[in-house]
Amino acid sequence: SGRNRIPMEELESLCSNLGWNSVGSYLQTGNVVFTASKPASALELELEQVIESNFGFSIPVIVRSAPDFKACVAESPLSDLAASDPSRVLLYLAKSDILEDVLHNLETRSAAGERLFVRKGALWIHFPSGIGKSKLTPSVIDKAVGSTTTGRNWNTLSKIREMLG
């Protein structure tokens with residue numbers, strides 16, 4: 001959205017300065033691939049703190065291991081649509097566990113034919129009319145999920161998966 005924007009080169013540098021290895025990013029997506037030996041929760045906290053101290057704003061960070069990320073993408077319930085409509089198939093990863101009634105809560109708000117699924121602790125949504133025409137805004141999704149989420153379309157997921165090897 002342009003708010004709280006961090007140049008990816010600077011984000012990569014921050015990650016390297018934290019002692020993380022093999023740091024790489026994809027475009028200006030906010031996605032960073034790296035190797036580190038700490039638990040995901042510790043890595044999230046470290047990066048959140050360094051971003052706040054270096055840029056003066058607080059943003060949530062969501063970290064997934066390469067095996068978890070790959071398994072999540074591999075088990076997409078929307079992979080059939082990904083080939084024909086990759087920019088409208090999105091994976092939402094949540095900072096905390098997804099609430100059990102997330103699908104019900106989102107289905108009551110959807111009005112543009114969205115298809116919704118939860119797999120491997122992640123939310124998948126197909127926006128057949130595009131995200132801009134959906135009532136499932138980021139704040140609606142976060143509220144229904146019960147925590148902060150970050151969404152990426154299939155094109156971005158494919159590139160991240162490629163970066164992970």
Side-chain angles (χ1 to χ4, degrees), residues 1-6 8 11 15 23-36 39-45 47-48 51 59-165:
S1 67
R3 290 183 29 235
N4 299 334
R5 191 175 194 116
I6 300 172
M8 294 308 288
L11 183 58
C15 293
V23 178
S25 62
Y26 176 57
L27 301 175
Q28 188 64 40
T29 61
N31 295 291
V32 179
V33 174
F34 59 89
T35 58
S41 59
L43 298 168
E44 289 172 348
L45 183 59
L47 190 52
E48 286 169 349
I51 287 171
I59 58 170
V61 172
I62 298 172
V63 174
R64 293 293 184 270
S65 71
D68 287 348
F69 179 84
K70 288 179 186 180
C72 187
V73 174
E75 295 187 26
S76 167
L78 295 169
S79 56
D80 59 324
L81 292 168
S84 61
D85 207 8
S87 65
R88 294 179 179 183
V89 170
L90 277 80
L91 166 67
Y92 288 86
L93 297 175
K95 187 142 177 87
S96 305
D97 291 339
I98 293 176
L99 297 176
E100 288 185 30
D101 56 353
V102 64
L103 294 179
H104 170 74
N105 291 337
L106 289 174
E107 286 168 351
T108 61
R109 296 290 304 263
S110 67
E114 296 91 350
R115 292 178 55 198
L116 305 120
F117 301 89
V118 174
R119 296 284 191 283
K120 296 207 78 65
L123 175 66
W124 288 92
I125 304 177
H126 176 236
F127 295 91
S129 300
I131 294 171
K133 295 184 181 193
S134 176
K135 293 185 184 226
L136 301 181
T137 63
S139 61
V140 167
I141 292 169
D142 286 357
K143 184 176 179 183
V145 166
S147 85
T148 300
T149 62
T150 185
R152 299 296 184 268
N153 72 32
W154 190 264
N155 292 324
T156 300
L157 297 174
S158 297
K159 185 60 180 175
I160 294 168
R161 190 173 47 188
E162 181 182 311
M163 291 173 70
L164 292 171

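Scope of the values below: all heavy atoms of this structure, side chains included, with no hydrogens, waters or symmetry mates.
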**Report entry** Audit row: Val145, Lys95, side chain to side chain contact (heavy atoms under 4.5 Å, CB included) steps and yes/no
**Finding:** CA-CA 10 Å; Val145 166; Lys95 187 142 177 87; over 6 Å; no

Query raised in the report: Between Asp80 and Arg115, what is the shortest heavy-atom contact and its length?
Result: OD2-NH1, 4.4 Å

Query raised in the report: OG/Ser134 to NE2/His126 distance, rounded to the nearest 0.5 angstrom?
Result: 11.5 Å

Query - Donor-acceptor contact below 3.5 Å, side chain Ser76 vs main chain Val73 - result: no

Query raised in the report: Would Leu90 and Leu78 satisfy side chain to side chain contact (heavy atoms under 4.5 Å, CB included), going step by step from the backbone distance to the final call?
Result: CA-CA 9 Å; Leu90 277 80; Leu78 295 169; over 6 Å; no

Query - Closest non-hydrogen atom pair between Phe69 and Arg161, with its separation - result: CE2-N, 4.0 Å

Report summary line: Output for pair (Ile125 CD1, Leu103 CG), nearest 0.5 Å, gives 9.0 Å

Report summary line: In this structure, CZ of Arg88 is separated from CZ of Phe127 (nearest 0.5 Å) by 11.0 Å

Query raised in the report: Counting only heavy atoms not in Lys143, do more than 12 sit closer than 6.0 Å to its NZ atom?
Result: no

Report task. Find the distance between CD (Glu75) and CH2 (Trp124) and round it off to the nearest 0.5 Å. Result -> 10.0 Å

Query raised in the report: Between Ala122 and Leu91, which heavy-atom pair has the shortest distance, and what is it?
Result: CB-CD1, 3.4 Å

Report summary line: Heavy-atom closest pair (Ile98 atom, Gly121 atom, distance to 0.1 Å) is CD1-O, 3.3 Å

Query raised in the report: Within a strict 4.5 Å, meaning less than it, do heavy atoms of the Val63 and Leu47 side chains meet?
Result: no

Query raised in the report: Does Asn105 reach the side chain of Val140, with side-chain heavy atoms less than 4.5 Å apart?
Result: no

Query raised in the report: Take atom CZ in Arg119; do more than 12 heavy atoms of anything else shown fall under 6.0 Å from it?
Result: yes

Query raised in the report: Under 3.5 Å, side chain of Lys70 to main-chain N/O of Gly165, donor-acceptor pair present?
Result: yes

**Report entry** Considering all heavy atoms, the nearest Leu136-Ile141 contact
**Finding:** O-CD1, 3.5 Å

**Report entry** Step-by-step side chain to side chain contact (heavy atoms under 4.5 Å, CB included) determination, Asn153 to Ile131
**Finding:** CA-CA 11 Å; Asn153 72 32; Ile131 294 171; over 6 Å; no

**Report entry** Flag for Thr148-Asp142: side-chain donor and acceptor within less than 3.5 Å
**Finding:** no

Requested in this report: Please check if the side chain of Ser110 supplies one atom and the backbone of Glu107 the other of a donor-acceptor pair under 3.5 Å.
Outcome: yes

Query raised in the report: Is Asp101 atom CG crowded by more than 12 heavy atoms from other residues, nucleotides or ligands, each under 6.0 Å away?
Result: yes

**Report entry** Close side-chain approach of Val61 to Leu45, heavy-atom, < 4.5 Å
**Finding:** no

Query raised in the report: Could you walk me through whether Thr29 and Ile160 pass the side chain to side chain contact (heavy atoms under 4.5 Å, CB included) check?
Result: CA-CA 10 Å; Thr29 61; Ile160 294 168; 5.6 Å; no

Query raised in the report: How far apart are the closest heavy atoms of Leu93 and Cys72, and which atoms are they?
Result: CD2-SG, 4.4 Å

Report task. Could you grab the distance from atom OH of Tyr92 to atom OG of Ser147, nearest 0.5 Å is fine? Result -> 13.5 Å

**Report entry** CD on Glu48 to CG on Leu43, rounded to 0.5 Å
**Finding:** 11.0 Å

